[in-house]
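All remarks here apply to the structure that follows.
Owing to the predicted nature of the structure, the values given are computational and were not obtained by experimental measurement.
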Amino acid sequence: MDAPRGTAHKWIVALTTMLGTFMEVLDTSVANVALPHMKGTFAAGTDEITWVITSYLVANAIILPITGWLGAAFGRKRLYLLCLAIFTLASFGAGAAPSLAWLILMRVIQGLAGGAMVPMSQAITLEAFPQEEHGMASAIFGIGVIFGPILGPLVGGWITDNWTWPWIFWINIPVGVVAYYLAFTFVEDPEYLRRPEGAVDYWSLIFVAVGLGCLELFLSRGERLDWFASNAMKACAGLAALGIALFIWRSLTAENPLVDLRMFRLPEFAGGMAIIFIISVGLYAAFILVPLFVQNLLGFTPTWAGLILSPGGVASVVAMIAVGLAMGKVDVRLIVAAGAASMAYSAWLLTHVNLQTGMAYLVTAWIFHGLGLGFVFVPIATAAVQRIPPALVGTASGMFNLMRNEGGSVGIALASTLLAQRAQFHHARLAEHITPFNGALQTSYVSLNQGLFPRAGLDPVSVRGLSQGLIGAEVTRQSFLMSFVDVFGFLVVVFLLALPFVLTLRNPQGGGLSLH
C-alpha cells in the first residue's frame, strides 16, 4: 500500500471516513423511534410504515458485496464522493417526503449509497495508515460503526420529541457537506486500483441482488408474518437460498467474477468473517433487548434507555484505542478470546435481572459488553485482511460489513422471535397456577380486594374485577421478565460459539494471498 503523505493527512482521512460511516450506520436505527410519528403524518398502518426500515436494510444488503468491484470500475474516490452526495441529497428528500412511497424510495437510495460508503470508508482508512498502524486505523473506523447503533435511538427520540421527525434525516446534510469537502480534498485513489477487465458479470449481480434482498426481507419481516406460516416468507426463504447458492457458484466459476471469493482460502479471513457474523448476532440482539427491557418492564424513558447504553459505547472506544495500540505486541487470538468472553459475561450478568434491577447494575453489565466489542472488532478488522492483496481490500471490506449487517439482522430476528415465544410459554406455565385451589394466590387476592375497596371508589364486583386484572397484568410482566432472562442466556451461548474460530487467526505479518 502507498505510504500516507503525512501524519496530518492520515488523521484527516480517518476523520472523513468516520463521519461518513457514522452517518450511514446512524441512519440504520435513527428512524425506528420516529415510526409512530411517521404513521400519523402519512396515515399509514404499522405494516406499511415498517418499510421505511426494511427498504433501507434490503438496499444495504444488496450493495455491500459488490462495492469492491464498483470502486475498481468507477474509481474509489469518484464513487465515494458520488455516494456521499447521493446519501446527503436522499436525506433531504426523505425529510421533505410528500408521501410514504416517496419516503421509501429515498430510503432505498440512502441504503444503496450508504451501504457502498461503509466498506469504502474502511478500505480508505486502512490505506491511509502504514501496515504497522492498521490496528489504530481499524479502531478509528470502528468508532463510527459502534456509536451509530448506540446513538441512533437516543438521537432519533430526542429530535422527534423536541423538533419534528424530518430532522432525523436533515441532520445528515451538514455532516454530508463537510465529509464531501474533506473527501474531495484529501482522499486519493491508490495506484494499484485498476478497472476490472472483461465484460461485467451481470448474472452475479442478479443472483446477489435476489439472494441477499430476499434474505433481508425474510429476516426483517418474518417475525411479523409468522415466518413459514406465510407463503410470502416461504417464497423469500426459497429465493434467498437459491440466489445465494447461484451467486457462490457463479463467483467460483466465472472468468471475471463480480466478487472474488478466493479470499476465503485464507483461514484467518474465513474465520474472521465467521467471528464477526456470530458476534454481530449477539451484539444487535442485545442492542434491541436491553432498551426493550428497561422501557417496557422497568418504566425507563427512551432517553434513559439510551443513557444506559452510552457508557458501553465509551468503553468500546477506550478498548478499541487500547487494542489498536497493542496490535502486534499481544497475541491477537488472546485479545479476541478475551473480547468474546467479556461479551458472554455481560450477557450472563443480564440473566440475573429482575423487576427491581437498578441502573447501576445494567450499566455495569453493558460496560463489559462494550469492552468485549472493542476487543473483538479491531483485531478482526485488522487480522482478517492482513494477507488480502491490496487490490482486493475493498472487496474484503465489503464482505466484512456484509457479515456484520447480516449477523445483526439474524440476531434481531432471533431475539424478537424467541422473546415472543418464550413469553407465551412462561405465561402458559404461570397461568396453570392461577386456580381457586392455590391457597397463597387466594390469600393475596383477598388482601388485594380489601386494600383496593376503600381506595378505588368502586363497588365490590368492580373491585374484584380490578384485582383479577392486576393479577393478570403481573403474570404477563413476570412471563416477559422470564423470557428476557431466557434470551440473555441464549446470547451467552452465541458469544461463546465464536471462541473456536479464534484459533484461525494469526498475528499481523507479511505474506499476501496469491490468486494465481
Side-chain angles (χ1 to χ4, degrees), residues 29 32 146 149-150 153 219 223 275-300 302 304-313 315-316 319 337-377 404 407-430 474-499:
S29 58
N32 293 24
I146 300 307
I150 293 173
L219 294 172
E223 200 272 333
I275 292 172
I276 201 63
F277 179 85
I278 294 169
I279 291 297
S280 295
V281 170
L283 168 67
Y284 282 85
F287 272 138
I288 293 295
L289 289 171
V290 172
L292 278 178
F293 171 73
V294 299
Q295 290 179 76
N296 294 344
L297 293 184
L298 301 186
F300 284 39
W304 279 103
L307 290 175
I308 287 175
L309 303 183
S310 299
S316 292
S342 181
M343 297 180 83
Y345 179 64
S346 170
W348 181 79
L349 288 176
L350 291 171
T351 62
H352 294 78
V353 295
N354 55 53
L355 297 178
Q356 286 74 47
T357 298
M359 186 171 178
Y361 184 86
L362 295 167
V363 168
T364 300
W366 200 251
I367 285 175
F368 279 104
H369 183 92
L371 289 172
L373 179 57
F375 287 152
V376 170
F377 188 92
R404 178 180 57 81
S409 295
V410 170
I412 293 170
L414 281 175
S416 301
T417 302
L418 286 174
L419 192 65
Q421 292 181 349
R422 296 304 294 174
Q424 293 171 1
F425 170 81
H426 288 301
H427 192 281
R429 296 288 80 80
L430 291 174
E474 185 60 26
V475 169
T476 300
R477 284 215 312 158
Q478 293 293 335
S479 65
F480 268 105
L481 171 65
M482 297 167 75
S483 68
F484 273 106
V485 170
D486 288 348
V487 182
F488 286 134
F490 167 73
L491 296 188
V492 174
V493 177
V494 169
F495 290 126
L496 292 178
L497 285 176
L499 289 176

Verdict with reasoning, Phe490 to Leu414, per side chain to side chain contact (heavy atoms under 4.5 Å, CB included)
CA-CA 10 Å; Phe490 167 73; Leu414 281 175; 4.1 Å; yes

Taking Tyr361 for its side chain and Leu349 for its backbone only, find out whether a donor-acceptor pair lies under 3.5 Å.
yes

Taking atom CG of Leu297 and atom CZ of Arg477, what is their separation to the nearest 0.5 Å?
7.0 Å

Closest non-hydrogen atom pair between Ala423 and Ser479, with its separation:
O-CB, 3.7 Å

Non-hydrogen atoms of Ala347 and Phe488 that approach each other most closely:
CB-O, 3.7 Å

First locate atom CZ of Phe293, then atom CG of Leu355, and finally report the distance between them rounded to the nearest 0.5 Å.
6.5 Å

Tell me the closest heavy-atom pair linking Gly339 and Phe375, and the distance in Å.
CA-CB, 3.5 Å

Taking every heavy atom of Ile275 against every heavy atom of Ala498, the minimum-distance pair comes out as CG1-O, 4.0 Å

Could you go through the side chain to side chain contact (heavy atoms under 4.5 Å, CB included) check for His369 and Leu350 one step at a time?
CA-CA 10 Å; His369 183 92; Leu350 291 171; over 6 Å; no

Angle between ring planes, Trp348 versus His352, binned at 30° and 60°: parallel, tilted or perpendicular?
perpendicular

Let's go through Leu362 and Leu298 carefully: what are the C-alpha distance in whole Å and the side-chain angles of both, what is the deciding distance for side chain to side chain contact (heavy atoms under 4.5 Å, CB included) to 0.1 Å, and is it a yes or a no?
CA-CA 11 Å; Leu362 295 167; Leu298 301 186; 3.9 Å; yes

The reported gap from CD in Gln421 to OG in Ser483 (rounded to nearest 0.5 angstrom) is 11.0 Å

Between Phe480 and Phe484, what is the ring plane arrangement, given parallel below 30°, perpendicular above 60°, and tilted in between?
tilted

Minimum-distance pair of heavy atoms, taken over all atoms of Arg404 and Tyr284
NH1-OH, 3.2 Å

Please say which of Val376, Leu373, Ile276 ends up in a side chain to side chain contact (heavy atoms under 4.5 Å, CB included) with Leu283.
Leu373

A quick test of your reading: do over 12 heavy atoms of other residues, nucleotides or ligands sit less than 6.0 Å from CZ of Phe277?
yes

Measuring from atom CD of Glu223 to atom CD1 of Ile412, what distance do you get when rounded to the nearest 0.5 angstrom?
12.0 Å

After noting the C-alpha distance and the side-chain angles of Thr364 and Ile367, does the key distance pass the side chain to side chain contact (heavy atoms under 4.5 Å, CB included) rule?
CA-CA 5 Å; Thr364 300; Ile367 285 175; 5.7 Å; no

Gap separating the CE atom of Met482 from the CZ atom of Phe425, nearest 0.5 angstrom:
8.0 Å

Closest heavy-atom contact between Gly374 and Ala319?
CA-CB, 3.9 Å

Can a donor-acceptor pair be found, under 3.5 Å and without considering hydrogens, that links the side chain of Ser316 to the backbone of Gly312?
yes

The reported gap from CG in Leu491 to CG in Leu496 (rounded to nearest 0.5 angstrom) is 11.0 Å

